[in-house]
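What follows is a short report on a single structure.
All values reported here derive from a predicted model rather than from experimental measurement. Read the numbers this way: they start at 1 and go in the same order the structure lists the ligands and their atoms.
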Amino acid sequence: MGPGWTIDEKRHAGTEHLDPEEVARFDEKMPFDPSVEIDVLREFGLSREDTVIDFGTGTGVFPLAVAKHCDRVVAVDVSETMLNAVEEKIEDRRMRNVETVHDGFLSYDHSGGPASFAFSKDALHHLPDFWKIEALKNVGNTLEAGGIFRLRDFVFSFDPQDSRTEIESWLEEKNRSTIFTDEELYVHFREEYSTYGFVLEALLERAGFEILEATYEDDFYAAYICRWVDCSE
Ligand SMILES: C[S@@+](CC[C@H](N)C(=O)[O-])C[C@H]1O[C@@H](n2cnc3c(N)ncnc32)[C@H](O)[C@@H]1O
């Protein structure tokens, strides 16, 4: 825990990520094929000697898959319930190079050699923008100079003038094509902190990352490849 003015990351983690019944359904509800992401890291030089840290790991789909391609994987999440699910998978598959750490983006304190890669998918939007940049600085500080950060998240790239119509039509489309309830979809806008791509790009750069690639998908999702250059020195 930090000083009294520090945000409580667990309180912002999303109640569904703390609830055992919801976590048990997570892989079915949010299916994710990690192979594309592993290919991206390999393209940027991932090798068997590397350490990879996954922030907001959820049920550990990414760390368990990337472990075959590197030396050490650290799966970080603020939800103990999520980490219990990861630990069960580690035990079932007898994986020896994946460790879990119960911490948040902000409180994670890396030990061991610096990582060459950091990864985060669908987790950073749980923090408000001031705290996003604090989180990004902490992610960067776990990396060696030149280390790579792959970030994927719900990020808006529609014109702010069109926000209401864009969001209404996104909700309508999701409502038809997914198993999420209206309330689950609304919470994302009402209580979480997805932001615009132009804001997130500035946050990444001011935290000390150079953005090598930024990809915007369907106005509601983005993926970045960044290199840690650390502008604090
Ligand atoms: C939507 S899930 C994504 C899980 C996984 N990355 C995936 O894509 O399958 C978001 C995860 O981020 C975690 N989370 C939320 N806020 C966090 C924080 N401040 N630090 C670390 N993890 C956080 C939640 O507990 C949850 O496991």
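Taking the ring centroids of Phe119 and Phe55, they lie at or beyond the 6.0 Å cut-off. Aromatic ring centroids of His125 and Tyr193 lie 6.0 Å or more apart. Ring-centre distance between Phe158 and Phe220: below the 6.0 Å cut-off. Aromatic rings from Tyr108 and His110 are positioned such that their centres are separated by under 6.0 Å.
For ligand 1, one of its N or O atoms has an N or O atom of Gly56 under 3.5 Å away. By the 3.5 Å distance cut-off applied to N or O atoms, Asp54 is not counted among the residues near ligand 1. For the pair Asp103 and ligand 1, the shortest N or O to N or O distance does not fall below 3.5 Å. Residue contacts with ligand 1: Phe105 is placed with a nitrogen or oxygen under 3.5 Å of a nitrogen or oxygen of the ligand (distance criterion only).
The ligand atoms of ligand 1 that sit less than 4.0 angstrom from a heavy atom of Lys121 are 3 (C), 5 (C), 6 (N), 7 (C), 8 (O), 9 (O). The contact set between ligand 1 and His126, taken as ligand atoms under 4.0 Å from a residue heavy atom, comprises 15 (C), 16 (N). Residue contact check: Ser79 has heavy atoms under 4.0 Å from atoms 25 (O) of ligand 1. The contact set between ligand 1 and Glu9, taken as ligand atoms under 4.0 Å from a residue heavy atom, comprises 18 (C), 19 (N), 20 (N).
For the pair Lys174 and Phe180, the cation-pi test (distance below 6.0 Å, angle within 45°) is failed.
For the residues Thr57, Asp27, Val23, the heavy atom positioned nearest atom 5 (C) of ligand 1 is part of Thr57. Which of Val86, Asp77, Leu124 comes nearest to atom 13 (C) of ligand 1 through a heavy atom is settled by distance: it is Asp77.
Under 4.0 Å from ligand 1, the heavy atoms of Phe26 that appear belong solely to its side chain. Of all the heavy atoms of Leu106, none lies under 4.0 Å from any atom of ligand 1, so neither backbone nor side chain is involved.
Residue contacts with ligand 1 include Asp122, since one of its heavy atoms falls under 4.0 Å from the ligand. Taking a 4.0 Å cut-off on heavy atoms, His12 fails to register as neighbouring ligand 1.
Tyr196 and Asp159 share no donor-acceptor pair across their side chains, judged by distance under 3.5 Å alone.
Using a 4.5 Å heavy-atom cutoff, the side chains of Phe44 and Leu212 are in contact. Val78 has its side chain out of reach of Asp103: every pair of non-hydrogen atoms, C-beta onward, lies at least 4.5 Å apart.
Here the heavy atom of the protein found nearest to atom 12 (O) of ligand 1 is Ala123 CB, 3.4 Å. With hydrogens left out, the protein atom closest to atom 17 (C) of ligand 1 is Val78 CG1, 3.7 Å, a heavy atom.
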(message) For a ring-ring contact (aromatic ring centres under 6.0 Å, His included) check, start with the C-alpha distance between Tyr216 and Tyr221, then their side-chain angles and the critical distance, and finish with the verdict.
(response) CA-CA 6 Å; Tyr216 293 95; Tyr221 204 75; over 10 Å; no
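Of the listed residues (Arg42, Lys121, Arg152), just one forms a side chain to side chain donor-acceptor pair (under 3.5 Å) with Glu37, and that residue is Arg152.
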